[in-house]
Trainee: 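Below is one structure. I have some questions about it.
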Amino acid sequence: IKDGVLIGEWYAPGAHADDEVTSWSTAKSFTSALVGVAEREGLLAIDDEVGDYLSDWSGVPYQGISVRHLLEMRSGLEASYANPYGVYGSDDQLAYSLARLPRWAPGVLFSYVNEDSMVIGGVLSEAFGQEIGEVAQEELFEVIGMEAAWWTDEAGSTLTYCCIDATARDFARFGLLYARGGEWDGEHVVPAYFVADSVSPTNIWGYYGLHWWIYGEDVFASVGLDGQNIYVYPEHDLVIARFGR
């Protein structure tokens with residue numbers, strides 16, 4: 001998509017523009033966007049401690065772990081394999097994600113962990129007073145004209161680390177939202193400052209922001225397993241979405 005216009009698309013044999021695909025971890029960037037929406041509404045601040053919203057993490061040893069730390073993948077916690085299938089094998093994935101203990105101080109080491117994104121979903125649901133998948137429909141999907149379904153676990157919690165179903169075109173809409181600094185049809189859906197913060201490097205290698213991957217100075221991307229990717233080139237008002245197997 002260049003300058004807001006669809007200028008090219010290609011599909012595999014038997015696939016079509018109206019076929020849905022699954023995001024896998026590309027959904028993490030949507031979760032990040034909803035943190036921005038919550039800040040816009042004054043419902044939370046990114047540097048609030050997680051324990052302010054989720055009692056499981058209030059007090060020692062979770063003091064100092066903020067929403068920002070989770071977004072940066074620098075919470076100080078690792079993935080849990082209490083279940084041999086990890087978080088995927090749990091009926092209540094939020095409870096599973098909360099039942100971990102810190103290994104390091106927050107903000108020190110980068111460790112890419114699905115459970116941290118799941119905890120953000122719990123924080124957001126508490127902040128909005130509504131399951132975050134429902135909020136996403138009202139505050140994000142419908143606003144940008146995206147038809148999407150976000151998976152939930154057996155307990156009804158939105159899987160905020162993965163698993164949004166939509167067409168490739170609709171995923172590209174989300175990229176366009178970020179290419180234009182969080183603005184859609186004159187409405188600031190995600191605050192511009194939050195978008196800028198999201199795609200600024202948070203570690204010495206400079207490849208990760210707030211649930212966005214960064215590739216040099218002029219491109220960032222939402223990245224999922226097996227190449228479910230949305231590349232954004234804001235200086236060129238260009239979005240490239242690639243979804244496949």
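Values below: all heavy atoms of this structure, side chains included; hydrogens, waters and symmetry mates excluded.
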Trainee: Can you establish whether the number of heavy atoms outside Glu78 located under 6.0 Å from its atom CD is more than 12?
Mentor: yes
Trainee: So do Asn114 and Ser25 actually touch side chain to side chain, heavy atoms under 4.5 Å?
Mentor: yes
Trainee: Using a distance-only test with no angle check, is there a side-chain donor-acceptor pair under 3.5 angstrom linking Ser97 and Tyr161?
Mentor: no
Trainee: Measure the shortest side-chain to side-chain distance between Leu77 and Glu115 over non-hydrogen atoms and say whether it is less than 4.5 angstrom.
Mentor: no
Trainee: Run the numbers on Tyr233 and Ile240 for side chain to side chain contact (heavy atoms under 4.5 Å, CB included), then give the verdict.
Mentor: CA-CA 8 Å; Tyr233 301 77; Ile240 301 173; 4.0 Å; yes
Trainee: Would you call Arg245-Asp226 a salt bridge at under 4.0 Å N-O?
Mentor: no
Trainee: Can you find a pair of side-chain heavy atoms, one from Phe194 and one from Val37, that are under 4.5 Å apart?
Mentor: no
Trainee: So, the side chain of Gln93 versus the backbone of Leu159: is there a donor-acceptor pair under 3.5 Å, distance only?
Mentor: no
Trainee: So, does Thr26 use its side chain to make a donor-acceptor pair with the main chain of Gly224 at under 3.5 Å?
Mentor: yes
Trainee: Is a side-chain N or O of Lys2 found less than 3.5 angstrom from the main chain of Gly8, in a donor-acceptor match?
Mentor: no
Trainee: Taking the side chain as everything from C-beta on, heavy atoms only, tell me whether Glu131 gets closer than 4.5 Å to Thr152.
Mentor: no
Trainee: To the nearest 0.5 angstrom, please state how far the CE atom of Met146 sits from the CH2 atom of Trp184.
Mentor: 10.0 Å
Trainee: Does Val232 belong to the same Ile/Leu/Val/Met/Phe/Trp/Tyr cluster as Leu238, with side-chain heavy atoms less than 4.5 Å apart forming each link?
Mentor: no
Trainee: Under 3.5 Å, is there a donor-acceptor pair between the side chain of Thr158 and the main chain of Thr160?
Mentor: no
Trainee: Please give me the minimum heavy-atom distance between Pro61 and Leu101, naming the atom from each residue.
Mentor: CG-CD2, 4.0 Å
Trainee: Please answer: with hydrophobic residues joined when any side-chain heavy atoms are less than 4.5 Å apart, are Phe30 and Val113 in the same cluster?
Mentor: no
Trainee: Do any N or O atoms from the side chain of Thr22 and from the backbone of Trp24 form a donor-acceptor pair under 3.5 angstrom?
Mentor: no
Trainee: What distance do Ser29 atom OG and Leu71 atom CG have between them, rounded to the nearest 0.5 Å?
Mentor: 10.0 Å
Trainee: As an exercise, state the distance from OG of Ser23 to CD1 of Ile230, rounded to the nearest 0.5 Å.
Mentor: 8.5 Å
Trainee: Around atom OH of Tyr112, are there more than 12 heavy atoms from other residues, nucleotides or ligands closer than 6.0 Å?
Mentor: yes
Trainee: Shared ILVMFWY cluster between Tyr215 and Phe220, side chains joined below 4.5 angstrom?
Mentor: no
Trainee: Which one of Tyr231, Phe174, Tyr207 satisfies the ring-ring contact (aromatic ring centres under 6.0 Å, His included) criterion with Trp212?
Mentor: Phe174
Trainee: Grab the two heavy atoms, one from Val60 and one from Gln63, that are nearest each other, plus how far apart they are.
Mentor: CG2-OE1, 3.8 Å
Trainee: Between Asp56 (side chain) and Leu98 (backbone), is there a donor-acceptor pair under 3.5 Å?
Mentor: no
Trainee: How long is the span from the CD atom in Gln228 to the CZ atom in Arg242, to the nearest 0.5 Å?
Mentor: 6.0 Å
Trainee: If you take all heavy atoms of Leu34 and Ala136, which pair is closest and at what distance?
Mentor: CD1-CB, 3.8 Å
Trainee: Does the Asp153 side chain pair with the main chain of Ala155, one donor and one acceptor, at a distance under 3.5 Å?
Mentor: yes
Trainee: Between Ser125 (side chain only) and Ile132 (backbone N and O only), is there a donor and an acceptor less than 3.5 Å apart?
Mentor: yes
Trainee: For Asp237 versus Ala179, what's the shortest heavy-atom pair and its separation?
Mentor: OD1-CB, 4.2 Å
Trainee: For the hydrophobic clusters of this structure (ILVMFWY residues joined by side-chain heavy atoms under 4.5 Å, transitively), does one cluster hold both Leu54 and Met118?
Mentor: yes
Trainee: If I compare all heavy atoms of Asp197 with all of Arg68, which pair ends up nearest, and what's the gap?
Mentor: OD2-NH1, 3.1 Å
Trainee: Does Tyr96 reach the main-chain N or O of Gly89 with its side chain, forming a donor-acceptor pair under 3.5 Å?
Mentor: no
Trainee: Please determine whether residues Leu70 and Val108 belong to a single hydrophobic cluster, defined as Ile, Leu, Val, Met, Phe, Trp and Tyr linked transitively by side-chain heavy-atom distances below 4.5 Å.
Mentor: no
Trainee: Check the side chains of Asp48 and Tyr53 for a donor-acceptor pair under 3.5 angstrom, ignoring hydrogens and angles.
Mentor: yes
Trainee: To the nearest 0.5 Å, what is the distance between CH2 (Trp213) and OH (Tyr208)?
Mentor: 6.0 Å
Trainee: Determine, step by step, whether Lys28 and Asp116 satisfy the salt bridge (charged side-chain N to carboxylate O under 4.0 Å, His left out) criterion, reporting the C-alpha distance in whole Å, the side-chain angles of both residues, the deciding distance to 0.1 Å, and the verdict.
Mentor: CA-CA 10 Å; Lys28 288 182 171 72; Asp116 282 3; over 6 Å; no
Trainee: Apply the test side chain to side chain contact (heavy atoms under 4.5 Å, CB included) to residues Leu44 and Glu39: give CA-CA distance (whole Å), side-chain angles for both, the deciding distance (0.1 Å), then the verdict.
Mentor: CA-CA 5 Å; Leu44 63 69; Glu39 278 213 337; 4.0 Å; yes
Trainee: Mind telling me whether Tyr62 and Trp57 have parallel, tilted or perpendicular rings, with 30° and 60° as the class edges?
Mentor: parallel
Trainee: Is Arg74 close to Leu109 at the side-chain level, that is, under 4.5 Å between some pair of heavy atoms?
Mentor: no
Trainee: Could you walk me through whether Leu177 and Leu140 pass the side chain to side chain contact (heavy atoms under 4.5 Å, CB included) check?
Mentor: CA-CA 10 Å; Leu177 174 69; Leu140 187 55; 3.9 Å; yes
Trainee: Do Pro102 and Ile65 have side-chain heavy atoms sitting under 4.5 Å apart?
Mentor: yes
Trainee: Verify, without hydrogens or angle tests, whether Ser200 (side chain) and Ala196 (backbone) share a donor-acceptor contact under 3.5 angstrom.
Mentor: yes
Trainee: NE2 of His211 to OG1 of Thr31: how many Å apart, nearest 0.5 Å?
Mentor: 6.0 Å
Trainee: Measure across Glu9 and Ala17 and return the closest heavy-atom pair with its distance rounded to 0.1 Å.
Mentor: OE1-CB, 4.2 Å
Trainee: Decide yes or no for Tyr11 and Asp19: does some side-chain heavy atom of the first lie under 4.5 Å from some side-chain heavy atom of the second?
Mentor: no
Trainee: For Phe141, which of Val135, Asp170, Ile164 qualifies under side-chain contact (heavy atoms from CB on, under 4.5 Å)?
Mentor: Ile164
Trainee: Answer yes or no: is there a side-chain heavy-atom contact under 4.5 Å between Val189 and Glu183?
Mentor: no
